[in-house]
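This report concerns only the one structure given below.
Order of the sequence lines sets the chain letters (A, B, ...), proteins ahead of strands, with each chain counted from 1.
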Amino acid sequence: MTNEPPAEAKYEREAKIISEHDTLKYSLLGPSLTKSGQDNVDQSKVAEIIYNASKGSKYFNNEEARDKNLTQKIERILTKKAQLERLDLASDRRKADDYIAELELTRDLSQVVVHIDCDAFYAAVEELDRPELREVPFSVGVGVLTTCNYHARKFGCRSGMAGFVAKKLCPQLIQLPLNFDKYTAKAQEVREIIVEYDPRFESASIDEAYLNITEYCETNDIGPEEAVQQLRREVEEKTKITISAGIAANAKLSKICSNMNKPNGQFRLPSDRNSVIAFMRDLPTRKVNGIGRVFERELDAVGVKTCGDIYAYRQYLSKLFGEKAFVFLMQCYLGLGRTKIQPAEEYERKSVGTESTFGEMGDPGELRNKLRATAEELEKDMLRTQFKGRTLCLKVKLHTYEVLTRQVIPPKSIHLADDLYKYSVPMLSKLEQEFPGMRLRLMGLRCTHLVSMKKPDTMAFFGFRKRPDASTERESSPSDTSKRKIDDLSSDQEQWEEWPDELLFEDAERQEREDEFNELESLSQEVDKRRHHGKEIVPNPTPRKETEEEWWDCPICMRPQAASEKEFNEHIDLCLSRQTIRDAVQENSEQEPTPVAKKFRLGNEKGRDRIGKADPKQRRLCFG
DNA sequence: GCGGATCAC
DNA sequence: TATGGTGATCCGC
């Protein structure tokens, strides 16, 4: 054939289609691709099977659209990078180098941090009850796989995969329903052992924990590897559950290390700078907690495949991905992470929500019934957690898998189903107008800007008491006031600790919670200082009796607040939102903002464990 | 502050 | 035939 020349553009177009399908196939492999048990699996074959099983479905079409969007986003990133390459980035490089030097000073190699992770936890627990399952591939969770055993993984089955797709990969796959209570009980058995190695261990999820065994090793005169060996043996003997562990100088590294010799293995990264740097240099970015499928692709596109590659691109990263991502990536490059391991106690929940998937539905009456049922569900959760919400958020997933959210701020904080329904219906109606004939497959409600219903005494936080003690209160010396305040805070703390269900929090949250706590403490001291120095932030902390009504002056906004202590507490909560604090501190300060105000403006600039998500707490469903 | 997107488990 | 639920954070606008 000699009548060749179709325009080059056509080839390019075809190449583009092929590569787009490649990225889509990669995406369809799912988020847990990098999990263990997949090493000897031919992923291209698996990808082909998943692709063909999914092709043409609404889910597939949505994934395809998302993949195209991402491809476009990456094109924009590359364009931006090309622009930057033409500029002089010496100053950006210097800035990055200065920051690296600064970060290096924070490196702490003195601690021995261990991350432990139960192997295919839910599946392992099921195997204990039914030993015959050990020999066959099976999964836990029907419809969508929550986890599966290592036999199933050999076929390419993975958590998050649709059940019917998994069946295509492994027709003999057995699918078991979830027994969440059973897993929780087993997890407790494991915790009872690890607490002996670090009484202040940190639950990261139902089947994961961080330990600081520095002290254990010292007092028992045992090396970290031997100690972890012993811990793992003990857990297996007593609970029949095998665990994998990572040992390193900080939480981020130990988390990566626990994946190195999975299942039933451990890996230690020596705690010297050279080892850490060398380890990160060759580590694929995706191995780091917080870098998922999308960020991996974006980084790959600009040339960053391993954490070591980050350094060569340091002058671009901030402008391409933002300041937060820059800080995060620099910490990845240096192998820095948190060394403070502590129990999950200090944590403030930021939202409570519920959502559910159902058969497609478009009838307005049915949708309202569903919304009502969702509101009832949320009410239960709000009562269980003892919160009200100042913001209500409606989430829907269209039959096309497109997700939309809308939120409102009701006139008061709410938690009862009637209110939740009342304030969410208008959002639903508006969506129906926006998308005529819309059909849904999911609906959810979530409350944010929470107000606790069991907070002990917000007034005490500010060093106030109700009458008649208020008069003596005023006369107490500043030092007394501040001391008592600390006591109040600690009692406040205790109350916060008694959450109804076991908590499984993530590190970043905890760190932030702590920061928040410290900030609030500083603030209250600041308020106190002002009160005791000419400049009265609180003109009248005593309740004012005006006619029949009792009034309080809010120490933050200084406006008189009527009626009950309960309402006052709610008002204080409102005032405690950051914006309000900023304004208050500034409005009351003629000069420069105080250090407290500055701190709030800057926000928490400390290193995070991750960017983006941090997983808080696990309930009901989750993938192993 | 809102809505979309990403991430973890 | 058919692809989850809970919670958090970051970004662009």
Considering only side-chain heavy atoms of [X], which listed nucleotide, [options], is closest?
X      : options             : result
A:L404 : B:dG4, C:dA2, B:dT6 : B:dG4
A:K350 : B:dC9, B:dT6, C:dA8 : C:dA8
A:I409 : B:dC2, B:dC9, C:dT3 : B:dC2
A:S356 : C:dG5, B:dG4, B:dT6 : C:dG5
A:L442 : C:dG5, C:dT6, B:dC9 : C:dG5

Self-check item: First encountered from the 5' end of DNA chain B, between A:E402 and A:Q407
Solution: A:Q407
Examine [N]: is either OP1 or OP2 under 4.0 Å from a nitrogen or oxygen in the side chain of [X]? Give yes or no.
X      : N     : answer
A:R446 : C:dG5 : no
A:S351 : C:dA8 : yes
A:R406 : B:dG4 : yes
A:K255 : B:dC9 : yes
A:T357 : C:dG5 : yes
A:N289 : B:dC9 : yes
A:Y401 : C:dT3 : yes
A:T405 : B:dG4 : yes

Quiz item: If only atom types and distance count, is the side chain of A:S139 paired as donor or acceptor with the main-chain N or O of A:L145 below 3.5 Å?
Solution: no
Quiz item: Judged by atom type as modelled, is there a donor-acceptor pair below 3.5 Å linking the side chain of A:D117 to the main-chain atoms of A:S244?
Solution: no
Taking atom [atom2] of [N] as reference, at what distance in whole Å does atom [atom1] of [X] sit?
X      : N     : atom1 : atom2 : value
A:L398 : B:dG4 : CG    : P     : 10 Å
A:E296 : B:dA8 : CD    : P     : 10 Å
A:R158 : B:dA8 : CZ    : P     : 15 Å
A:L24  : C:dT3 : CG    : P     : 16 Å
A:L169 : C:dT3 : CG    : P     : 17 Å
A:L378 : C:dG5 : CG    : C1'   : 14 Å
A:L431 : B:dC2 : CG    : P     : 15 Å
A:I291 : B:dA8 : CD1   : P     : 9 Å

Exercise. Identify whether the distance between the nearest side-chain nitrogen and carboxylate oxygen of A:K45 and A:E48 falls below 4.0 Å.
Key: no
Quiz item: Is it true that A:D67 and A:R293 have a side-chain N and a carboxylate O under 4.0 angstrom from each other?
Solution: no
Quiz prompt | Toward the 5' end of DNA chain C, by each residue's nearest nucleotide, A:E355 or A:K55 | solution = A:K55
Exercise. Take A:A162 and A:K395, find for each the nucleotide of DNA chain C with the closest heavy atom, and name the residue whose nucleotide sits nearer the 5' end.
Key: A:A162
Exercise. Using a 4.0 Å heavy-atom cut-off across all strands, classify A:E208 as base, sugar-phosphate, or nothing.
Key: sugar-phosphate
Quiz item: With sugar-phosphate meaning primed atoms plus P, OP1 and OP2, does A:T391 contact a base, only sugar-phosphate, or nothing at under 4.0 Å between heavy atoms?
Solution: nothing
Exercise. Check if the side chain of A:S54 and the base of C:dT3 share a donor-acceptor pair of N or O atoms closer than 3.5 Å.
Key: yes
Self-check item: Under 3.5 Å side-chain donor-acceptor pair for A:E126 and A:Y183
Solution: yes
Quiz item: Should the heavy atoms of other residues, nucleotides or ligands under 6.0 Å from NZ of A:K81 be counted, would the total exceed 12?
Solution: yes
Practice problem: Would you please classify the geometry between the A:F321 ring and the A:F295 ring as parallel, tilted or perpendicular, with 30° and 60° separating the classes? | Solution: perpendicular
